[in-house]
2 protein chains.
Amino acid sequence: MERDATGMTVGPEAIRAARTSWRRRQIVDAATRLMGEQGYHDMSVSALAREAGISVGTVYQYLDNKESILLAVLEDVLDTYAAEVPAAMVGLVDPVERLAAGFLAYLDVVDGRRAAAVLAYRESHSLSRAALQRVIALEVATTGLLVAELRAGSATGALRAHDAELVGWNLTMLAHMWALKHRHLGAYRDVGVYGRAQLSTVLCGLLADAARERYGSFLEPTGALPAQAARRGGGSP
Amino acid sequence: MERDATGMTVGPEAIRAARTSWRRRQIVDAATRLMGEQGYHDMSVSALAREAGISVGTVYQYLDNKESILLAVLEDVLDTYAAEVPAAMVGLVDPVERLAAGFLAYLDVVDGRRAAAVLAYRESHSLSRAALQRVIALEVATTGLLVAELRAGSATGALRAHDAELVGWNLTMLAHMWALKHRHLGAYRDVGVYGRAQLSTVLCGLLADAARERYGSFLEPTGALPAQAARRGGGSP
DNA sequence: ACATGGACTGAATACTCGTTCAGTAGCGAA
DNA sequence: TTCGCTACTGAACGAGTATTCAGTCCATGT
């Protein structure tokens, strides 16, 4: 493969590769938008083509069939989780701090693409068995990053004995909850506040007594909010 | 309306009412089964009729259209929540005990109808706005039962200050998690164990220091399990 | 100027599925 | 037996959609 002075590949096949990824992004972005509004089944391929500003035929030039459009959309979000969570933990060594940073990063991705996060729950049953396995593997991998920190925290004694696997899935679930139950969480005006509230709820039951003071900043960091939220929140449907 | 000696209504219109509810149950049960396997969109009305052992026309005699089949299925589960949760709390007066009983009852319903519990997440976007409002109202009402006990617990001083609304939704979410993430929770062989584990996780961060001893039975009631589960659980996808 | 080939188009194809309704079956009353 | 009525049936209809492919367009090389 030819390369230019900066190491970028050049030549016809590089052009093709660039066009392919540009087209796929066009399609995935449009599909994410439409599926978020209408769902997978109610999004017709011609509507997708229109939204993406291309023709139906072109969609089929870059993706095999409708199911693979869905898979591409789901992988796109899950890949973002898998990239952002470790990125947020880089440079931190303390397990509890790494856990907190990872969780908040996960939550940020969910917040940035709430519709897409919901799609993983709504539509993954429409995938073939093989595609579903891919999606599940990605989900397990990301949760695994949190589980590892929980185990490390237990090892250093900062965290009480607990089932890291279970608590890891709880954290994942609470992050997804921001998308799944967003309508009911109106009292929390932004993700940051929600994230710190949930982190404190979880860590409060998890931190060893000896470590409580050290990580006090994670516990009720916004002492005023819960009461405020409780007063505001009438659970408007 | 005519009634017999035991107060049951009799006569032609009672027969009709009985037949209607029998047929609706037939249809809802068959639909729950099929939608659990294939999803709402991939379940054809003729397949539903076949599964229920009746003809297509009969389905339309008892339900207006396909969407109302979905609504009937979702309402069926949500009504069960709304019935079982208060039933489990009857006779208990202590808010923490009532909370625990309500949560475990909720979880039992989820466990008994896991497929249907998942449907509420998967398919409710296919409902009309009005039907969606009904479903949401039922969900809010049931979570409200837990929220009320959380508030009561705060009032008696058994629970630390917290946002009852948020923790209520967390509990709801953790109950749904048993259905949504069931594949990842294999280490917990039955709902009871899972329920007590989650209850202890939540209460551990929620109980006021003064109340910890009193409700010790809820905290790590199966001290051995977490470690066991952690050892078993490889997160098989 | 012309030829070549890849990218793109969108009408045509070949379905499936929700819904209806003319007709059948069964049953109690006269 | 015959009538009347209700519950039930399932073929037929119409709307809609995933996928294909014959043809157009355009950038490039000769």
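Remember, predicted model here, so these are calculated numbers, not experimental data.
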Review point. Starting at CD1 of Ile27(A) and ending at P of dT9(C), how long is that distance when rounded to a whole Å?
Key: 11 Å
**Study point:** Atom-to-atom span, OH of Tyr62(A) to C1' of dC8(C) - whole angstrom
**Key:** 8 Å
Review point. Among the nucleotides dG18(C), dC8(D), dA18(D), which one has an atom lying closest to any side-chain atom of Tyr60(B)?
Key: dG18(C)
Exercise for review: Return the orientation label for the Tyr188(A) and Tyr194(A) ring planes: parallel under 30°, perpendicular over 60°, tilted otherwise.
Suggested key: perpendicular
Check your understanding: Parallel under 30°, tilted from 30 to 60°, perpendicular over 60°: which one fits the rings of His176(A) and Tyr106(A)?
Key -> perpendicular
Practice item. Can you figure out which of dC8(D), dA7(C), dT19(C) approaches the side chain of Lys66(B) most closely? Key: dT19(C)
Exercise for review: Look at the side-chain N and O atoms of Arg23(B) and state whether any lies under 4.0 Å from the OP1 or OP2 oxygen of dC8(D).
Suggested key: yes
Review point. Once you round it to whole Å, what is the distance between C1' of dT9(C) and CD of Gln61(A)?
Key: 10 Å
Check your understanding: Under a 4.0 Å N-O cut-off, is there an ion pair linking Asp29(A) with Arg33(A)?
Key -> no
**Study point:** Selection from dT19(C), dT9(C), dC8(D) that lies nearest to any side-chain heavy atom of Val56(B)
**Key:** dT19(C)
Point to revise | Gap between atoms CD1 and P, on Ile54(A) and dT9(C) respectively (whole Å) | key: 7 Å
Revision key, fill the gap. Assign each of Asp64(A) and Asp42(A) the nucleotide of DNA chain D bearing its closest heavy atom; nearer the 5' end lies the nucleotide of Asp42(A)
Review point. Is it true that the side chains of Arg113(A) and Thr32(A) contain a donor and an acceptor less than 3.5 Å apart?
Key: no
Exercise for review: Determine: side-chain N/O of Ser55(A) to OP1/OP2 of dG10(C), distance under 4.0 Å, yes or no.
Suggested key: no
Check your understanding: If you look at every strand shown and take non-hydrogen atoms under 4.0 Å, does Ser44(B) touch a base, only sugar-phosphate, or nothing?
Key -> sugar-phosphate
Point to revise | Side-chain N or O of Arg19(B) closer than 4.0 Å to phosphate OP1/OP2 of dT6(D) | key: no
Point to revise | Rounded interatomic separation in angstrom, taking CG from Leu48(B) and P from dG10(D) | key: 15 Å
Review point. Tell me: CG of Leu70(A) to C1' of dA18(D), nearest whole Å?
Key: 15 Å
Check your understanding: Nearest-Å distance, CZ (Arg16(A)) to P (dA27(D))?
Key -> 18 Å
Practice item. Identify the two heavy atoms, one from Ala49(B) and one from Val56(B), that lie closest to each other, and give their separation to 0.1 Å. Key: CB-N, 3.7 Å
Practice item. For Gly57(A) and for Met43(A), find the nucleotide of DNA chain D with the closest heavy atom, then tell me which residue's nucleotide is more 5'. Key: Met43(A)
Exercise for review: Measure the distance from NE2 on His41(B) to C1' on dT17(D) and round it to the nearest whole Å.
Suggested key: 13 Å
Check your understanding: Base, sugar-phosphate, or nothing for Arg50(A), non-hydrogen atoms under 4.0 angstrom?
Key -> nothing
